Amino acid sequence: MIADFYIPKNEILKKYMNGYYFIARKRDSEPTKYLTFPNNWSIHSVKEDSDVEYLNHKLHIKPSAEKNINSRLVFSYNVPLEISYEQLVNEVTVVFKPLGIHYFIPNLNFSQMENGEFWPQGNYADFMRSVFAETNREKQRDMIEEYWIAQFADPDLGMICTILNDVESTMKIEEIAHKNQITRRYLNKLFHKYMGKSTSEYRKICRFRKALQEYKKARNLTDLTYINAYHDQSHFIKDFKALTKINPATFFKKVDTEQETIWLFK
């Protein structure tokens, strides 16, 4: 494992973040490559003194002689994302739960954004450089948490919270729209704004992630199919391969689903 993952200490951050992880620069590290799989989170990564290239679902990172801070946000992808490092670089990545980032940075509209360069408020580059300059990990954690606590805005997201809970239930989309007294078209417009994807795409990814969590509880793939309300095993395999490009039997042999970061190293 190349990343050190932490659950937030602060209770407010725990509510809206899955956690955050650190990667430390190692000048003599071997090239590292892994696949990360679709999710419904907002993932904010900051790298120090690095060049980052993105093309065709491949993110390539290498050290840079130029002093810089690279800040990016990824909130939507529906196929595996390949991450490769020529050498490891200093990195901090914050993983926000669905809707979580909107509590710290209000007025984001994902329907008008793309995955890519992203700068939170304040003199963020200088702040992150001070984080990377700190050698004590606990102090680094405190700095990261203090920054995000200071950004907490607690906007009123009541309607989209209700809609998100409904989408994660077994209700039909038409029923969700009717319950919330909006049209199906407006429901999807809201969902694209806050989640960066359609309700059907969100549900497919949500069910996939739930299957990963429950893999150890299931006796076999047939059990996993019905625990997660797939129509049948062929439906499960079809959706699984669409999101991972790998047969589920092969996937579970190669990936440790009990890790906080579910990556497939290549």
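Bear in mind that the values here come from a model prediction, so they are computed numbers and not experimental data. The chain is numbered in sequence order, starting from 1.
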*Test side chain to side chain contact (heavy atoms under 4.5 Å, CB included) on Leu108 and Ile101 and set out the steps.*
CA-CA 9 Å; Leu108 287 178; Ile101 196 170; 4.0 Å; yes

Do [X] and [Y] meet the criterion of a side-chain donor-acceptor pair at a distance under 3.5 Å?
{"X": "Asn40", "Y": "Lys197", "result": "yes"}
{"X": "Tyr85", "Y": "Glu91", "result": "yes"}
{"X": "Glu86", "Y": "His60", "result": "yes"}
{"X": "Gln151", "Y": "Tyr103", "result": "no"}
{"X": "Asn90", "Y": "Asp49", "result": "no"}
{"X": "Asn188", "Y": "Thr199", "result": "yes"}

_Given Tyr20, Phe118, Phe104, Phe96, the one that forms ring pair (Phe, Tyr, Trp, His ring centres under 6.0 Å) with His44_ = Phe118

Quick check on [X]: does its [atom1] atom have over 12 non-hydrogen neighbours (other residues, nucleotides or ligands) under 6.0 Å away?
{"X": "Asp154", "atom1": "CG", "answer": "yes"}
{"X": "Gln121", "atom1": "CD", "answer": "no"}
{"X": "Asn136", "atom1": "CG", "answer": "yes"}
{"X": "Lys9", "atom1": "NZ", "answer": "yes"}

_Tell me whether the rings of His57 and Tyr54 are parallel (<30°), tilted (30 to 60°) or perpendicular (>60°)._
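It falls in the perpendicular class, over 60°.
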
_Which label fits Phe110 and His102: parallel for a plane angle under 30°, tilted from 30 to 60°, or perpendicular past 60°?_
tilted

How far apart are the closest heavy atoms of [X] and [Y], and which atoms are they?
{"X": "Pro8", "Y": "Gly19", "answer": "CD-CA, 3.7 Å"}
{"X": "Gly196", "Y": "Ser76", "answer": "O-OG, 3.2 Å"}
{"X": "Ser198", "Y": "His192", "answer": "N-CE1, 3.4 Å"}
{"X": "Arg129", "Y": "Lys67", "answer": "NH2-C, 3.6 Å"}
{"X": "Leu164", "Y": "Leu99", "answer": "CD2-CD1, 3.7 Å"}

[atom2] on [Y] to [atom1] on [X], rounded to 0.5 Å:
{"X": "Leu13", "Y": "Asn18", "atom1": "CG", "atom2": "CG", "value": "12.5 Å"}
{"X": "Phe251", "Y": "Asn247", "atom1": "CZ", "atom2": "CG", "value": "11.5 Å"}
{"X": "Glu30", "Y": "Leu88", "atom1": "CD", "atom2": "CG", "value": "10.0 Å"}
{"X": "Asn68", "Y": "Asp51", "atom1": "CG", "atom2": "CG", "value": "6.5 Å"}

*For Tyr77 and Asn39, run side chain to side chain donor-acceptor pair (under 3.5 Å): C-alpha distance rounded to whole Å, both residues' side-chain angles, the deciding distance at 0.1 Å, then the answer.*
CA-CA 8 Å; Tyr77 58 102; Asn39 56 69; 3.1 Å; yes

Identify whether the distance between the nearest side-chain nitrogen and carboxylate oxygen of [X] and [Y] falls below 4.0 Å.
{"X": "Arg25", "Y": "Glu48", "result": "no"}
{"X": "Arg209", "Y": "Glu214", "result": "no"}
{"X": "Lys14", "Y": "Glu11", "result": "yes"}
{"X": "Arg184", "Y": "Glu174", "result": "yes"}
{"X": "Arg141", "Y": "Glu138", "result": "yes"}

*Intermediate values then yes/no, side chain to side chain contact (heavy atoms under 4.5 Å, CB included), Arg203 and Ile173*: CA-CA 11 Å; Arg203 277 185 158 173; Ile173 300 303; 3.7 Å; yes

Is there a donor-acceptor pair under 3.5 Å between the side chain of [X] and the backbone N or O of [Y]?
{"X": "Gln87", "Y": "Ser29", "value": "no"}
{"X": "Asn115", "Y": "Phe75", "value": "yes"}
{"X": "Thr162", "Y": "Gly158", "value": "yes"}
{"X": "Thr261", "Y": "Trp263", "value": "no"}

Do [X] and [Y] have side-chain heavy atoms sitting under 4.5 Å apart?
{"X": "Asp166", "Y": "Glu175", "value": "no"}
{"X": "Ser84", "Y": "Lys266", "value": "no"}
{"X": "Val94", "Y": "Trp148", "value": "yes"}
{"X": "Val74", "Y": "Ser45", "value": "no"}
{"X": "Thr93", "Y": "Val46", "value": "no"}
{"X": "Ser50", "Y": "Lys62", "value": "no"}
{"X": "Leu212", "Y": "Phe252", "value": "yes"}
{"X": "Ile163", "Y": "Ile182", "value": "yes"}

*Going through the distances and angles, do Arg72 and Glu117 end up as a salt bridge (charged side-chain N to carboxylate O under 4.0 Å, His left out)?*
CA-CA 4 Å; Arg72 303 177 68 87; Glu117 187 174 355; over 6 Å; no

Hydrophobic cluster membership, with links at side-chain heavy-atom distances under 4.5 Å among I/L/V/M/F/W/Y: are [X] and [Y] in one?
{"X": "Ile12", "Y": "Met143", "value": "yes"}
{"X": "Tyr21", "Y": "Ile7", "value": "yes"}
{"X": "Val95", "Y": "Tyr16", "value": "no"}
{"X": "Phe37", "Y": "Val79", "value": "no"}
{"X": "Phe22", "Y": "Ile69", "value": "yes"}

_Criterion side chain to side chain donor-acceptor pair (under 3.5 Å) on Gln181 and Tyr186, from CA distance to verdict_ = CA-CA 10 Å; Gln181 299 182 326; Tyr186 186 64; over 6 Å; no

*List the steps, then state whether salt bridge (charged side-chain N to carboxylate O under 4.0 Å, His left out) holds for Glu53 with Lys58.*
CA-CA 8 Å; Glu53 299 174 353; Lys58 294 182 179 181; over 6 Å; no

*Report the C-alpha separation of Ile144 and Met128 in whole Å, then their side-chain angles, then the decisive distance to 0.1 Å, and conclude whether the side chain to side chain contact (heavy atoms under 4.5 Å, CB included) test is met.*
CA-CA 9 Å; Ile144 292 295; Met128 287 305 304; 4.1 Å; yes

*Report the C-alpha separation of Glu82 and Tyr34 in whole Å, then their side-chain angles, then the decisive distance to 0.1 Å, and conclude whether the side chain to side chain donor-acceptor pair (under 3.5 Å) test is met.*
CA-CA 6 Å; Glu82 182 182 281; Tyr34 64 87; over 6 Å; no

*Determine, using ring centers only, whether Phe208 and Phe240 are less than 6.0 Å apart.*
yes

*side chain to side chain contact (heavy atoms under 4.5 Å, CB included) between Leu221 and Gln233: does it pass, once the steps are laid out?*
CA-CA 8 Å; Leu221 292 184; Gln233 195 162 339; 3.8 Å; yes

